[in-house]
Every structure is written in structure tokens, then in C-alpha cells.
Amino acid sequence: MNTKKVALMLLELANLMELRGDNPFKVNAYRRAARALENSRVSLEVLRERPEELAGVGKGTAAAIREILETGELEQLKQLKEELPAGLPSLLEIPGLGPKSIHALYRELKITNLDELEEAVKEGRIRNLAGFGEKKEKNMLEGIRNYRERPRHHLLVHALPIAEKILKRLQELPEVSRAETAGSLRRMKETVKDIDLVVATEAPSAVAKVLTEMPEVTKVVASGEKKVSLLIDLGLEIQVDVRLVAPSQFISTLHHFTGSKEHNVRIRQRAKEFGWKVSEYGICDPAKGEDFAFREEKELYEKLQLPYVAPEIREDRGEFERTADELPRLIRLEDYRGDLHMHTRWSDGTGSIKEMALAAQKRGYRYIAVTDHSQSLRVAGGLTAEDLKRQREEIEAVNEEMKDFTVLAGVEMDILPDGRLDFSDEVLKELDLVIASIHSSFQQDEETITRRVLNAMENPYVHIIAHPTGRLINRRGPYALHLDRVFQKAKETGTILELNSHPYRLDLNDIYLKKGKEEYGLTFSINTDAHAPEGFDFINMGVATARRGWLEPADVINTWPLDQLLERLNGNHS
DNA sequence: GCCGTTTTCGGCCCGACTGTTTTCAGTCG
């Protein structure tokens with residue numbers, strides 16, 4: 001049992017209570033308690049003894065927390081699970097269906113899952129229910145079909161160019177004075193459900209008309225004076241929500257729709273302490289009838305006597321509990337000096353060492369490490385010890401040609417299924433940089449696969465563990481790795497953990513980065529794993545994820561000057 | 001269920017849009 005599991009159980013309880021139609025404020029109380037638990041760093045002991053010390057945890061939720069810690073279960077949750085059919089929560093995925101409607105469908109028509117809902121719609125049974133009609137039936141049917149066909153979340157890297165394209169069109173309109181992206185896209189979450197845009201204009205109807213008449217629009221979901229919601233097909237079909245506001249309200253609206261929802265709740269609560277009200281149109285003082293507008297988001301935070309919070313960390317994950325000095329100076333692209341994980345034609349890359357070096361130098365980098373695959377990874381043309389020696393000769397030749405730039409000789413070495421490494425220490429000690437990673441036997445049980453990684457970390461020549469959890473977003477889950485043990489070992493051995501920037505990987509993710517930094521004091525390396533010069537472009541994904549993980553330049557070895565980097569790498573060997 | 005230098009009761013973040021209604025509930029962000 002750990003605090004995360006306790007939080008998850010409280011959250012599940014809240015979700016089921018909501019479906020049953022319980023008091024929404026009570027439901028919210030459990031959600032807040034779950035969130036408080038997730039964000040707190042109290043030990044299990046403190047949690048067991050004095051859970052009430054956490055803000056948002058009172059008598060009721062404290063009793064629930066104690067029960068979970070003592071018995072591993074929660075009677076209330078167990079009963080609710082027996083009372084409510086298992087398929088009910090899945091109905092929440094259908095747009096337009098919320099807890100109230102789902103409860104009514106269950107109560108009146110005994111609908112418990114998507115199949116039964118679809119059947120009832122087709123038989124026209126739903127339109128007879130109070131508050132339902134033919135139009136809602138039609139929307140439900142469409143929702144069910146979409147749910148089954150469309151991926152729930154789009155990769156950030158796929159949504160970004162679409163957002164940019166629409167944004168550009170909007171910015172070119174004479175009626176538009178300013179337009180920006182908002183929502184999870186602006187917060188740079190690894191996946192996004194939709195694209196949020198905020199537009200400043202004095203002529204909302206004209207802009208709305210342009211939007212709804214774009215050739216790529218497949219469906220107008222909603223269209224009003226303040227807001228337009230569309231389904232757009234620009235290579236992939238995605239929902240685009242556009243808010244239209246007067247220029248003076250732009251900043252407040254941008255902030256509001258950047259979210260996150262949880263961050264906004266805290267903002268509003270903060271405003272209430274001053275007796276003010278926050279909405280997407282600004283902050284107002286009802287007592288004096290005053291409205292406050294802002295030219296920059298910084299001013300909005302200042303008004304509430306809060307330090308400015310970058311969009312990427314607006315998640316209510318502790319940003320409200322820090323002073324300006326305590327908030328991180330988040331890493332930026334300009335801080336980045338060199339990529340330390342890439343492949344060349346020597347294995348499965350498409351560029352030569354020199355081409356990769358020149359491309360990196362052009363980006364303003366000062367160094368790179370060439371890290372081709374090792375011998376066991378046959379499909380990728382892994383290198384033998386002998387190949388590595390010959391490759392080093394080429395690397396040295398490139399180094400002699402280039403000015404103010406250094407290519408390090410490295411390898412991405414496989415951690416074999418039985419836990420052995422693909423090269424002996426004699427081979428490894430000749431290299432400048434050794435990355436170890438898993439490319440086989442992903443299905444091993446937790447103990448086996450964790451042992452594999454720990455074993456690699458214990459080797460003094462291994463500097464970095466690449467893409468530590470192995471997940472591929474929307475494709476493949478993480479290995480059954482026990483990450484706390486990996487973090488603990490990294491702390492003991494000084495092993496650096498990678499944040500792999502490939503948009504399908506982003507591994508470690510934001511949550512783990514923050515945890516590794518705050519709880520274990522770890523150091524990380526952000527790399528693109530490029531297989532061609534263009535692969536370097538994905539560094540913006542990695543830096544964005546690092547920002548979401550509260551990382552500062554000092555936490556990331558790729559921002560260090562070369563001599564500091566080499567000192568750290570050599571330190572491992574002593 | 002939680003919380004309190006306006007409160008131990010009565011609030012709890014706020015507004016837009018849709019579809020159902022004939023003044024509003026539910027959903028969404």
C-alpha cells in the first residue's frame with residue numbers, strides 16, 4: 001500500500017458516488033482528499049496517525065484513509081461496486097452523457113453498458129424519458145460510434161501542427177487582433193483530447209463564420225457568439241474549441257482556458273480570499289463593482305499576489321505551495337548544449353557521424369554522443385566490440401575536422417533478457433559514454449525485469465539508463481518495472497536516467513521526473529534518440545516534458561559545459 | 001464531506017451552449 005493507491009481508491013469512490021447521484025459536494029470532497037494525498041509528501045506513518053493534518057481531509061475521509069491503510073480495502077467502495085454495474089463508468093466516455101443522465105438511464109431503463117445503450121437508442125426507447133428527446137438519441141448514437149472508432153487522445157506532436165495551421169489562419173484575419181493556443185496543448189501534455197484556441201476580436205460573428213466554413217470542418221459541434229466548437233480533419237480528425245472574446249479580456253480568457261481545471265479552481269479560491277471573483281473575462285470586485293483586466297498573464301498572478309506559474313506546471317501539483325524563489329527556473333531550449341543518444345549508419349540510423357555532428361552544430365550544440373546499438377540487437381544492425389573500435393577512429397577524424405565541437409564515442413548497449421550486459425567491462429571502459437537499455441523480453445515479471453535494470457545500474461561503466469519504462473504512448477504500456485527501486489539505485493550509484501524525447505516515448509514522463517528529482521535528488525539526460533539529423537527536432541518535446549516535470553538546467557546533464565559533463569561521466573569509473 | 005477574523009450552518013469555481021423545455025437542467029471545459 002502506498003499513498004498513490006490510497007488516492008486512487010478515494011478517487012474511484014468519488015466517481016462511483018457521482019454515478020449513483022450522491023451530493024456533488026460530497027463527491028468533490030473525496031476528490032479533493034484524493035488530490036491532497038497525491039500532492040503531499042507525507043509518510044505512510046503520518047498518514048496513518050494524523051491524516052486530518054492534510055488540507056481537505058476531515059473526519060470522514062480520514063476514517064476512509066485509515067481503513068484502507070489497515071485493511072487494504074474500503075467497505076464503502078466495495079458496496080458501491082456491488083451496487084453499480086461494472087460497465088456504468090464507461091458510459092461517461094460518451095459526449096453529452098454525464099452522471100445524472102447515466103443514472104437516469106440505469107434507473108429507468110436498466111441500461112448498464114455501451115451495448116445496452118446502443119440497443120435502447122436504436123429501439124427508440126430513450127426519447128420517452130423525461131429530459132431526453134430524439135436529438136439526444138441521435139447524438140448518443142454518434143458518440144458511441146466515435147468512441148469505438150476514434151483514438152481518445154492524440155499525440156501532442158500530431159496536434160501541434162494542426163493547431164499552428166488554424167492559428168495562423170486566424171491571426172491573418174483583419175478582425176482578429178490576437179490569437180493563441182490554450183488548453184492541454186499549451187501546457188504541452190504528451191497527449192491532448194482537443195485543440196483549444198483563444199481569439200481576441202471585436203467581430204466574433206464574422207470570425208465564427210470563417211471558422212465554421214473552413215473546408216476541413218467535418219462537423220459543427222456548437223456555434224455561438226462566444227464559442228465555436230468544430231470537428232476538423234487535417235490529416236487526423238480532432239475537435240477544435242475556439243473562444244471569441246473582446247481584446248481587453250484576452251489574457252483572462254487565455255489563462256482560463258489554459259487551465260488546468262485543477263489550477264483554475266485554486267486560482268478562484270485564492271481570489272475569494274480577497275473577496276474577488278474570477279471568470280474567463282477577468283477578475284472583479286463585486287463589492288466595489290470594479291473589473292480588473294490584464295495585459296500579460298504575469299499581471300494576473302501579481303494581482304492575486306502569486307508568483308507567475310509557467311503553463312507547463314499549472315496542474316495543482318504543488319505550484320501554489322511555493323514562493324517565487326521556491327518555484328523552479330524551468331529548463332529552456334536555449335539551455336540545451338548537446339544530444340547524448342543517437343544512431344548513425346553504423347547501426348540503424350540514416351546519417352553519417354559527420355552529418356549528425358554538423359546538424360547538431362547548426363542547432364547551436366557544443367557536443368554530441370554517438371550511441372549506436374550493441375551486437376545483440378540484430379534487427380538494428382548492432383555493433384560488435386571490433387566495430388566500436390573502428391567507429392572510434394571515424395569519430396576521432398570528425399573531431400579533428402570540427403571546431404569548438406566534440407563528438408563523444410558511446411554505445412546504446414542492450415540489457416540482455418537474463419540480466420547480463422551485451423559487452424564486457426573491458427569493452428565498456430574504452431567508451432566515453434555508455435547507455436544501457438532494454439529492447440527484448442518486455443513481458444517479464446516485475447522482479448525479473450527490475451533486477452535486470454538494477455544490475456545494469458550497478459555496473460560502474462554504465463552512465464545512463466535509456467527510456468527507462470519502455471512505454472510507447474497509445475501503443476504499449478510500460479514494463480512491469482518497480483520504479484522506486486530504480487530511483488533508489490540511481491541515487492546510490494549516481495546513474496543518470498533518460499528522458500527520451502521521441503514523441504511516442506517521452507520516457508520518463510513528467511510525473512516520474514518530478515518524483516525522481518524531489519524525492520531522490522536524481523539527475524537526468526534529455527535525448528532525442530535521433531536516427532537521422534531531422535530526429536533532433538523532437539528535442540522540443542523532451543524539453544517540454546522536462547518543464548512539466550519541474551526540471552531546472554542543473555538537473556539535466558545536457559545543459560552542462562563539456563568539462564563538467566566529462567567530469568561526471570568519469571566520476572562513475574572511480 | 002469540508003470548512004470558518006463576516007459563519008458551527010450554509011455555502012462549496014464559473015459561464016456557455018444544447019436540448020429539452022416554456023424557465024431550466026445537464027454537460028462541458
Side-chain angles (χ1 to χ4, degrees), chain A residues 10 13-14 17-19 21-36 51-65 76 91-105 126-140 143 182-187 192-198 204 208 220-230 239-245 249 252-284 286-287 304 316:
Chain A
L10 291 179
L13 178 68
M17 283 169 63
E18 187 173 38
L19 278 177
D22 286 10
N23 177 351
F25 297 110
K26 193 167 156 182
V27 171
N28 197 244
Y30 279 104
R31 290 218 173 105
R32 281 184 51 213
R35 175 153 281 274
E52 294 92 339
E53 280 185 8
L54 284 173
V57 176
K59 243 174 71 183
T61 43
I65 291 168
Q76 224 185 326
L91 296 178
L92 282 169
E93 300 291 332
I94 305 303
L97 277 191
K100 293 269 166 50
S101 308
I102 292 170
H103 191 243
L105 290 167
I126 293 189
R127 66 186 66 173
N128 303 322
L129 239 53
F132 291 81
E134 277 183 56
K135 194 118 185 209
K136 279 195 177 174
E137 275 186 341
K138 199 172 139 265
N139 287 341
M140 271 182 225
S184 52
L185 186 108
R186 181 165 180 241
R187 301 201 312 281
V192 300
K193 210 170 92 217
D194 54 22
I195 293 171
D196 291 295
L197 303 172
V198 178
V220 178
V221 180
S223 180
E225 276 281 302
K226 310 266 183 192
K227 155 183 174 183
V228 175
S229 197
L230 310 162
Q239 180 157 333
V240 180
D241 294 329
V242 187
R243 308 295 298 209
L244 308 162
V245 291
Q249 299 166 328
S252 278
T253 307
L254 177 66
H255 179 268
H256 179 85
F257 287 101
T258 296
S260 66
K261 209 169 127 186
E262 290 78 10
H263 183 88
N264 285 353
V265 167
R266 294 292 302 269
I267 288 282
R268 293 213 178 91
Q269 286 166 349
R270 175 72 177 174
K272 281 195 81 159
E273 291 172 23
F274 299 95
W276 302 334
K277 231 172 65 167
V278 179
S279 79
E280 56 257 58
Y281 303 115
I283 298 180
C284 81
L304 297 170
D316 192 17

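No experiment lies behind these values; they were computed from the predicted model shown. The chains referred to below are lettered A, B, ... by the order of the sequence lines, with proteins before strands, and numbering in each begins at 1.
- Atom NZ in A/Lys59 sits about 13 Å away from atom P in B/dC3, given to the nearest Å.
- Put simply, the side chain of A/Ile65 reaches to within 4.5 Å of the side chain of A/Leu10, judged on heavy atoms.
- Of the two residues contacting DNA chain B, namely A/Asp194 and A/Gly60, the nearest-nucleotide position lying further toward the 5' end is that of A/Gly60.
- Remark: C1' of B/dC14 and CZ of A/Phe25 are 12 Å apart, rounded to the nearest angstrom.
- Note on A/Ile267: nothing from the nucleic acid sits closer than 4.0 angstrom, heavy atoms only.
- For A/Pro95, the side-chain atoms get nearest to B/dC28 when compared with the rest of B/dG1, B/dC28, B/dG29.
- Residues A/Leu54 and A/Thr61 are not in side-chain contact: their nearest non-hydrogen atoms beyond the backbone lie 4.5 Å or more apart.
- Residues A/Gly98 and A/Val265 each lie close to DNA chain B; by heavy-atom proximity, the contact nearer the 5' end of the strand is made by A/Val265.
- Using modelled atom types, no side-chain atom of A/Thr258 and backbone atom of A/Ala182 make a donor-acceptor pair closer than 3.5 Å.
- Taking CG of A/Asn28 as the reference point, atom CG of A/Asp22 lies at 13.0 Å (rounded to 0.5 Å).
- In this structure, A/Tyr30 and A/Gln76 have side chains that are in contact, with non-hydrogen atoms separated by less than 4.5 Å.
- In this structure, the side chains of A/Lys136 and A/Ile126 stay at 4.5 Å or more apart for every pair of heavy atoms.
- Look at CZ on A/Arg266: it is 16 Å from P on B/dC14, rounded to the nearest Å.
- In B/dT21 the base sits anti relative to the sugar, since the glycosidic angle is further than 90° from 0.
- Regarding contacts with the backbone of B/dG29, a side-chain N or O of A/Lys193 is found under 4.0 angstrom from either OP1 or OP2.
- When atom types are taken as modelled, the side chain of A/Arg243 and the backbone of A/Thr253 share no donor-acceptor pair closer than 3.5 angstrom.
- Rounded to whole Å, the C1' atom of B/dA16 lies 27 Å from the corresponding atom of B/dG10.
- Here B/dG1 presents its P atom at 14 Å from CD of A/Glu52, a figure rounded to the nearest Å.
- Using a 4.0 Å heavy-atom cutoff across all strands shown, A/Leu244 reaches no nucleic acid atom at all.
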Audit row: A/Glu18, A/Arg31, salt bridge (charged side-chain N to carboxylate O under 4.0 Å, His left out) steps and yes/no: CA-CA 11 Å; A/Glu18 187 173 38; A/Arg31 290 218 173 105; 2.7 Å; yes

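- Pair assignment for B/dT8 gives none, since no Watson-Crick or G-U wobble pairing has each distance under 3.5 Å.
- Listed nucleotides: B/dT27, B/dG29, B/dG1. Nearest to the side chain of A/Phe257: B/dG29.
- Rounded to whole Å, atom P of B/dC14 lies 17 Å from atom CD of A/Gln249.
- Distances were taken from every side-chain heavy atom of A/Tyr30 (C-beta onward) to each of B/dT27, B/dG1, B/dG29; the shortest belongs to B/dG1.
- Without hydrogens or angle criteria, A/Glu137 side chain to A/Arg127 main chain gives a donor-acceptor distance under 3.5 Å.
- Considering all non-hydrogen atoms of both residues, A/Leu244 and A/Pro204 come closest at CD1-O, 3.6 Å.
- Remark: C1' of B/dC12 and CZ of A/Arg32 are 8 Å apart, rounded to the nearest angstrom.
- Here the separation of B/dT21 from B/dG15, taken at their P atoms, is 27 Å to the nearest Å.
- When the P atom of B/dC14 is taken as reference, atom CZ of A/Arg270 falls 16 Å away, rounded to whole Å.
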Mind listing the N/O atom pairs, protein and nucleotides 8-10 of chain B, below 3.5 Å?
none

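- The separation of B/dC17 from B/dC12, taken at their C1' atoms, amounts to 24 Å, rounded to a whole angstrom.
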Protein-proximity profile, nucleotides 15-23 of chain B, B/S/- by nucleotide at the 4.0 Å heavy-atom cutoff, equals SSSSSS---

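- By the side chain to side chain contact (heavy atoms under 4.5 Å, CB included) test, A/His255 pairs with A/His263, A/Asn264, A/Ile267, A/Glu297, A/Leu300, A/Tyr301, A/Arg314, sequence neighbours left out.
- Between A/Phe274 atom CZ and B/dT6 atom P there is a gap of 13 Å when expressed in whole angstrom units.
- Here the separation of B/dT18 from B/dT22, taken at their C1' atoms, is 16 Å to the nearest Å.
- As rounded to the nearest Å, B/dT5 and B/dG1 have C1' atoms that lie 24 Å from one another.
- Taking atom C1' on both B/dC3 and B/dT8, the two are 9 Å apart, rounded to the nearest angstrom.
- Remark: A/Ser229 is not in phosphate contact with B/dC28, judged by side-chain N or O atoms under 4.0 Å from OP1 or OP2.
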